[in-house]
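Chain letters run A, B, ... following the sequence lines, proteins first, then strands; residues in each count from 1.
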Amino acid sequence: MSDLKSVLGEAVEAAFAAIGAPPELGRVTPSDRPDLADFQSNGALAAAKRLGKNPREIATAVADQLAGDPRLAAVEIAGPGFINLKVAEAALSDRADAIAADPRAGAASVAHARKVIVDYGGPNVAKPMHVGHLRASIIGESLKRLYRFRGDEVVGDAHFGDWGYQMGLLIGAVMDEKPAVAAVVEAINAGGQGDVSAFEQVSLADLDRLYPEAAAKGKTDTDYRDRARKITAALQTKQPGYYALWERFRDVTRVALERDFHALGVDFDWWKGESDVEPLIPPMVAELDAKGLLVDDQGARIIRVAREGETKKKKLPDGSVVTVPSPDPLLVVSSEGSAMYGTTDLATILDRKQIFGPDLIIYCVDQRQADHFEIVFRAAYLAGYATEGQLQHIGFGTMNGTDGKPFKTREGGVLKLNDLIELTRSKARERLREAGLGENLPPEEFEATAGKVAVAALKFADLQNFRGTSYVFDLDRFMSFEGKTGPYLLYQAVRVKSLLRRAAEEGVAQGPVTVAEPAERDLVLTLDAFDAALGEAYDRYAPNALAEHAYRLSQAFSRFYAACPIMQAEPAVKASRLTLAATTLRQLELALDLLGIATPDRM
RNA sequence: GCGCCCGUAGCUCAACAGGAUAGAGCAUCCGCCUUCUAAGCGGACGGUUGCAGGUUCGAGCCCUGCCGGGCGCGCCA
């Protein structure tokens, strides 16, 4: 299944070869000037430079080679040597029929399937998800679906943050506040029996409330901090009372997390946590030591990851400036003998290598962690747990409020993800009612539709931006009646569905496509561009390329819908246009599904 | 201080490998519903791509230096 861009590219490459120019320069791209052409090749300019000839002469020679190709209606030379290609209507019609018959709606698969892990979401035990988790979930889910669709074997891992110092802090804080719980923990720790049903009084709301208090207290109160560290150490040796309480924390958190993820259409294949790789750490440290990678430094054990000559200047507390290696080393074992978060990340890479053997691990995590991942990745390469390039940090910017600062609630706190979803849903209901849409739907379907509109608004608003940059979160704009929004895309899909229902009722069948009108040309050319958009999104880890395609497709359809009446047309034209409409719907729903967006049937 | 990222229309964002006239949406203005869902379609207005140099036939994109913003900088994760 090849798109016109590739097919024409091969023809132009052959033409380049025929005149003695490097064939790879014959690459064809969609035209920058749709008024002049459908596709273009800029290769004559580069070839002229290499061969020391006039670019227009080369372009003319290439055009002569292409003359007579039945797929091309016109080949023209423009400007300094652009080769402009206009596709014949018959070739467009054939291509439309091919996409219509293709279960993948015109999309190719990768030549070599890889094993890929997408690490995203990053929820933590005892902390409800907040808006900061939204981007990781949205982008990661989309990448997971995209890679899987292209043919890779893909695993999505939530990489649950369920271990470490914060657990010790929380266990202490809960025991301080709830004597009944503390009594049970101590009884079990002492080797006795305890009624763990007492733990049921511990809710996620308690944990959410206690954690910031405990964290703050731990920073100023040394005794408090030491106790938390001791509990953490005891938990890590699975002291039974602490471990039982920790299990309660984990369970109560996971229920809430899965509810939030489910509401967003996000799901994971693995819920591996940091605790799962804890047993790997001691042997890993021994192995790193045996490989000679560990160095003692200020009482800690580190891996130096900077290469020869990589340095930076650093200001010391006394004001003097020294030159040190850069990046910083990976801190593997602290001076107190405990594992650090980088250690856990390294062990996770080792674990994944052992149980899955991935060719690629994609970390979908906030851009602010770029330095951290650079260090961990280098350490993993040095340790032989992965080879250069197999670990990719796909960083993204922050989500800001309309004031341009990191998103906060009106009260200045962090907005919980669940609250955000509810807020968005209620806005969706309101907007649907204002527009008089879905009035005749049964309540359950109306509610489901509102949910889909809400998710589409949130996700499309995020995914239309390139992941690397921060963006402004403005719910009113995302949920707007007009413009480049998720609801617009759903609306287009629903209009086609409605049309197809009517065609089915009237017994009108689809038939071969005949491209005639300009709007039909544009629609077919847009359908044809699907695979290129997928390829770009895949290669650059950039779902915005796919989001852009989905929007363009919707626009092209909407213009076609306005310009080309379907049900009133002549039978052959009607059949052709129905095929175009049905194919558009299929490709649009596929693209939206890869973005993690579901379409309702009616609205 | 050092490092990374960013600066594009009044606002929010795009721009495929360095290519032609830098594109969308919103906002503003003008048209289009007795015809398939008007959350739609057509049109207009809107730019010295932060500034100054450089490389190139050609620069929003590459290089250098400034200005402005965000983030990060081993014993939290």
Side-chain angles (χ1 to χ4, degrees), chain A residues 27 29-33 35-36 40 42 45-46 48-49 55 78-82 84 122 124 161 163-166 169 215 218-219 274 297-300 302 311-315 319 321 324 326-336 338 340-342 344-345 366-372 374-375 395 397-398 400 402 404-406 431-432 434-435 437 453 461 464-466 468-472 474 477 480-485 487-488 490-492 494-499 502-503 532-533 535-536 539-540 544-545 548 551-552 555 558-559 561-563 565-568 581 602-603:
Chain A
R27 194 170 63 96
T29 57
S31 179
D32 292 333
R33 294 289 303 273
D35 52 319
L36 301 179
Q40 63 184 36
N42 305 334
L45 296 156
K49 196 184 229 173
F82 300 107
N84 282 335
N124 289 307
W163 210 240
Y165 172 67
Q166 80 268 25
L169 269 175
K219 275 182 190 155
E274 292 166 349
D297 188 86
Q298 296 167 46
I302 62 172
T311 60
K312 66 175 177 183
K313 286 177 184 167
K314 191 171 184 178
K315 198 173 180 180
V321 176
V324 297
S326 174
D328 286 334
L330 179 72
L331 183 60
V332 179
V333 184
S334 77
S335 53
E336 295 184 352
S338 56
M340 298 287 99
Y341 76 117
T344 308
D345 284 350
D366 197 316
Q367 186 65 42
R368 287 177 291 197
Q369 307 233 20
D371 290 351
H372 166 69
E374 175 67 18
I375 293 166
T398 50
N400 297 328
T402 42
K405 295 177 185 157
R431 289 283 152 97
L432 283 166
E434 280 171 22
L437 287 170
V453 169
Q464 70 170 301
N465 302 316
F466 181 70
T469 50
S470 299
Y471 74 105
V472 173
D474 182 347
R477 186 160 56 79
S480 161
F481 275 51
E482 291 101 31
K484 193 172 183 178
T485 63
Y488 170 89
L490 297 191
Y491 178 73
Q492 298 308 334
V494 165
R495 279 210 301 194
V496 189
K497 288 187 184 186
S498 168
L499 177 70
R502 194 179 141 188
E536 194 193 337
D539 292 339
R540 296 175 59 214
N544 68 306
E548 183 67 25
Y551 179 66
R552 286 204 191 139
Q555 268 189 322
S558 197
R559 281 192 291 265
Y561 185 82
I566 297 167
M567 297 309 288
Q568 301 93 315
R602 295 181 288 185
M603 61 191 273

Could you write nucleotides 56-63 of chain B as a row of B, S and -, 5' to 3', where a protein heavy atom under 4.0 Å of any base atom gives B, of only sugar-phosphate atoms gives S, and otherwise -? SBB-----
In whole Å, what separates the C1' atom of A59(B) from that of C41(B)? 37 Å
List for me each residue that meets side-chain contact (heavy atoms from CB on, under 4.5 Å) alongside Ala533(A), sequence neighbours excluded, and say none if there are none. His549(A)
Hits for side-chain contact (heavy atoms from CB on, under 4.5 Å) against Pro329(A), two or more places apart or cross-chain, chain-then-number order -> Ile302(A)
Gap between atoms CZ and P, on Arg368(A) and C71(B) respectively (whole Å): 8 Å
Measuring only between side-chain heavy atoms, which start at C-beta, is Val494(A) closer than 4.5 Å to Met603(A)? yes
Check: Gln40(A) side chain, Phe82(A) main-chain N or O, donor-acceptor pair, under 3.5 Å: no
Spacing of the P atoms in U55(B) and A14(B) (rounded, Å): 31 Å
Mark yes or no for whether Ser470(A), through its side chain, and Thr398(A), through its backbone, hold a donor-acceptor pair below 3.5 Å. yes
Strictly under 3.5 Å: I want the nitrogen or oxygen pairs between protein and nucleotides 75-77 of chain B, one per line.
from: C75(B); atom 1: O2; to: Ser335(A); atom 2: N; distance (Å): 2.6
from: C75(B); atom 1: O2; to: Ser335(A); atom 2: OG; distance (Å): 3.0
from: C75(B); atom 1: N3; to: Ser335(A); atom 2: OG; distance (Å): 3.2
from: C75(B); atom 1: N4; to: Gln298(A); atom 2: O; distance (Å): 2.9
from: C76(B); atom 1: OP1; to: Arg229(A); atom 2: NH2; distance (Å): 3.2
from: C76(B); atom 1: OP2; to: Arg229(A); atom 2: NH2; distance (Å): 3.4
from: A77(B); atom 1: O3'; to: Glu274(A); atom 2: OE2; distance (Å): 3.2
from: A77(B); atom 1: N6; to: Tyr341(A); atom 2: OH; distance (Å): 2.4

Can Thr485(A) and Ser480(A) be counted as having a side-chain donor-acceptor contact under 3.5 angstrom? no
Can you name the side-chain contact (heavy atoms from CB on, under 4.5 Å) partners of Val333(A), sequence neighbours left out? Val285(A), Arg301(A)
So what does the secondary structure string of RNA chain B come out as, 5' to 3', with Watson-Crick or wobble pairs under 3.5 angstrom, [ ] for crossing and | for pairs with another strand? (((((((..((((.....[...)))).(((((.......))))).....(((((..]....))))))))))))....
If I take atom CD in residue Gln367(A) and atom P in nucleotide G70(B), what distance separates them, rounded to the nearest angstrom? 16 Å
In whole Å, what separates the P atom of G40(B) from that of C51(B)? 35 Å
Side-chain heavy atoms of Arg602(A) within contact of Lys497(A), under 4.5 Å: no
For the side chain of Asn42(A), counting heavy atoms from C-beta on, which of G40(B), G72(B), G19(B) is nearest? G19(B)
Atom CD of Glu536(A) to atom C1' of A17(B): distance rounded to whole Å? 11 Å
With a 4.5 Å heavy-atom cut-off, do Glu548(A) and Gln464(A) have their side chains touching? no
Separation of the C1' atoms in C16(B) and G60(B), to the nearest angstrom: 14 Å
Do Glu274(A) and Tyr341(A) come within less than 4.5 Å of each other through their side chains, counting heavy atoms only? no
Are any of the side-chain nitrogens in Arg477(A) or Glu482(A) under 4.0 Å away from the carboxylate oxygens of its partner? no
Whole-Å distance separating the CD1 atom of Ile375(A) from the C1' atom of C4(B): 12 Å
Residues forming a side chain to side chain donor-acceptor pair (under 3.5 Å) with Asp366(A), sequence neighbours excluded: Arg368(A)
Specify the separation, in whole Å, of atom CZ of Phe82(A) and atom C1' of G19(B). 4 Å
Distance check needed: C71(B) C1' versus Asp371(A) CG, whole Å only. 9 Å
Could you pull out the protein-nucleic contacts involving nucleotides 32-38 of chain B (nitrogen or oxygen on both sides, under 3.5 Å)?
from: U35(B); atom 1: O2'; to: Gln568(A); atom 2: NE2; distance (Å): 3.1
from: U35(B); atom 1: O2; to: Gln568(A); atom 2: NE2; distance (Å): 3.4
from: C36(B); atom 1: O4'; to: Arg502(A); atom 2: NH1; distance (Å): 3.3
from: C36(B); atom 1: O2; to: Met567(A); atom 2: N; distance (Å): 3.1
from: C36(B); atom 1: N3; to: Ile566(A); atom 2: N; distance (Å): 3.0
from: C36(B); atom 1: N4; to: Tyr561(A); atom 2: O; distance (Å): 2.4
from: C36(B); atom 1: N4; to: Cys564(A); atom 2: O; distance (Å): 3.2
from: U37(B); atom 1: OP1; to: Ser498(A); atom 2: OG; distance (Å): 3.2
from: U37(B); atom 1: O2'; to: Tyr491(A); atom 2: OH; distance (Å): 2.5
from: U37(B); atom 1: N3; to: Met603(A); atom 2: O; distance (Å): 3.1
from: U37(B); atom 1: O4; to: Met603(A); atom 2: O; distance (Å): 3.4
from: A38(B); atom 1: OP2; to: Arg495(A); atom 2: NH1; distance (Å): 2.8

May I ask you to say what Asn84(A) touches in the nucleic acid, namely base, sugar-phosphate or nothing, with a heavy-atom cut-off under 4.0 Å? base
With sequence neighbours left out, what residues match Gln555(A) under side chain to side chain donor-acceptor pair (under 3.5 Å)? Tyr551(A)
For Glu374(A) against Pro327(A), the heavy-atom pair lying closest together: CG-CG, 4.2 Å
To the nearest angstrom, the CG-C1' distance between Asp35(A) and A20(B) comes to 10 Å
What's Asp539(A) touching, base or sugar-phosphate or nothing? Going by heavy atoms closer than 4.0 Å. nothing
Any idea if G74(B) is syn or anti, going by the 90°-from-0 cut? syn
The criterion is side chain to side chain donor-acceptor pair (under 3.5 Å); which residues satisfy it with Arg495(A), sequence neighbours excluded? Gln492(A), Ser558(A)
If you restrict it to nitrogen or oxygen atoms, what contacts under 3.5 Å exist between nucleotides 9-14 of chain B and the protein, and what is each distance?
from: U12(B); atom 1: O2'; to: Arg477(A); atom 2: NH1; distance (Å): 3.2
from: U12(B); atom 1: O2'; to: Arg477(A); atom 2: NH2; distance (Å): 2.6
from: C13(B); atom 1: OP1; to: Val472(A); atom 2: N; distance (Å): 2.7
from: C13(B); atom 1: O3'; to: Asn465(A); atom 2: OD1; distance (Å): 3.2
from: C13(B); atom 1: O2'; to: Asn465(A); atom 2: OD1; distance (Å): 3.1
from: A14(B); atom 1: OP1; to: Phe466(A); atom 2: N; distance (Å): 2.7
from: A14(B); atom 1: OP1; to: Thr469(A); atom 2: OG1; distance (Å): 3.1

Evaluate the side-chain proximity of Leu490(A) to Val453(A): yes if any heavy-atom separation is below 4.5 Å, no if none is. yes
Partners of Asp539(A) by side chain to side chain donor-acceptor pair (under 3.5 Å), sequence neighbours excluded? none
Which value, in whole Å, describes the distance between the C1' atoms of nucleotides G46(B) and A52(B)? 27 Å
Using the glycosidic torsion, which applies to C33(B): syn (within 90° of 0) or anti (everything else)? syn
Using heavy-atom distances to pick each residue's nearest nucleotide on RNA chain B, tell me which of Ala370(A) and Val453(A) is more 5'. Ala370(A)
